[in-house]
Amino acid sequence: MEKEEFDCYLKAGKIATKVKANARKHAKVGMTLFDLAEGIEEEIIEEGGRPAFPVNLSANNVAAHYTPKINDELEIRENDVLKIDIGVHVEGFIADCACTVDFSGKNQKLVEASEKALENALTLVKPGLEIGKIGEEIEKTIKSFGFNPVYNLSGHGLAKYETHAFPTIPNHANKDSKVLEDEMAFAIEPFATDGQGHVMEGNEVEIFSMQAPQNCRGQTARKILALVEKEYRTLPFAERWIQKELNLSEFERKIALKELMQRGILHQYPILHEQKGKLVSQAETSIIINNGEVKILVE
Ligand code: MN
Ligand code: MN
């Protein structure tokens, strides 16, 4: 891997490490998720990075893809199990990480299950390791705590301006015999749950990404497209980011996003949730293998 590229990954990882630690400290019961997310995203920029995707703040049975809406008043509640998932990029090179905060202290075992699964998986990582072995270790560890891994969520490769690249890193023993190779960058992200371990798509969508740029008719849609191509490229973005930059009426924004979706220009990421009343924890870090050496990007 080119030194410049490696250095970008290291810088993204350093920023993510610092920002994640601060987010953990700042998150308090009564605080709005909006303020938490915007604070994290601002800090990433102050530190010299860019958010690789909107901060995901998914509580309780929501496993992923919740980012605050425009004027979202949702607050952190005392029994919340909150996943804070942060992505930082430097010149398109991404460090993706997450932690879980258990505000009541009643769900420590669940939090520990995903953390330990990540820790155990990391001890195996080296060039030549069968990718299925990572999933096997994660599943075994989470089950030893009495929980289920979320079978249909997985870690993923990282590439320039691409959050979900080859290969898929499973959270269960799927017997994948592909192997980790030199120059690979990827995220491992075990999810543990007291539910069945299968997340479903909800109706809410706040996160989008460019999938297939092409011409569109609406003036507002064209404005959004130009902003996305310039600022986010193929990385995910939030509706509240668009609003901050373009200051549109809700009506024109919704119509424009709908047009972009219908034409297949934008991809949407609906929230992903376990069954009601169940809880999900997550731990995540990013790894890069360079000249045969394993470097964990986010501590
Ligand atoms: Mn993540
Ligand atoms: Mn990830």
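From a predicted model like this one, the values you see are computed outputs, not experimental measurements.
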Quick one: which residue pairs count as a salt bridge (charged side-chain N to carboxylate O under 4.0 Å, His left out) with a foot in [range], not counting sequence neighbours?
range	value
residues 176-192	D176-K178
residues 265-294	none
residues 196-216	K69-E204

List in chain and number order the residues that pass ring-ring contact (aromatic ring centres under 6.0 Å, His included) with [X], two or more places apart in sequence or in another chain; answer none if no residue qualifies.
X	answer
Y9	F93
F145	none
F53	none
H164	H156

Just grab all the side chain to side chain donor-acceptor pair (under 3.5 Å) pairs involving residues 106-115, residues at least two apart or on different chains.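 Of all non-adjacent pairs touching residues 106-115, those that pass side chain to side chain donor-acceptor pair (under 3.5 Å) are N79-K106, D102-Q108, S114-S281.
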According to the side chain to side chain donor-acceptor pair (under 3.5 Å) rule, which pairs have a member within residues 11-21, sequence neighbours left out?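 Every side chain to side chain donor-acceptor pair (under 3.5 Å) pair that includes a residue of residues 11-21, provided the two are not neighbours, is K18-E47.
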Give every donor-acceptor pair under 3.5 Å between a side-chain atom in residues 36-46 and any protein atom, sequence neighbours left out.
unit_1	atom_1	unit_2	atom_2	d
E38	OE1	K244	NZ	3.0
E38	OE2	R240	NH1	3.0
E38	OE2	K244	NZ	3.1
E41	OE1	R240	NH1	2.8
E41	OE1	W241	NE1	3.0
E41	OE2	V55	N	3.0
E41	OE2	R240	NH2	2.9
E43	OE2	N22	ND2	2.6

Which residues end up grouped with Y151 if you chain together Ile, Leu, Val, Met, Phe, Trp and Tyr wherever their side-chain heavy atoms are less than 4.5 Å apart?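 Besides Y151, the cluster holds no residue at all.
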Under 3.5 Å, side-chain donor or acceptor atoms of residues 214-232 against the rest of the protein: list the pairs with distances, not counting sequence neighbours.
unit_1	atom_1	unit_2	atom_2	d
Q214	NE2	R263	O	3.1
R222	NH1	R217	O	2.7
E231	OE1	R50	NH2	3.1

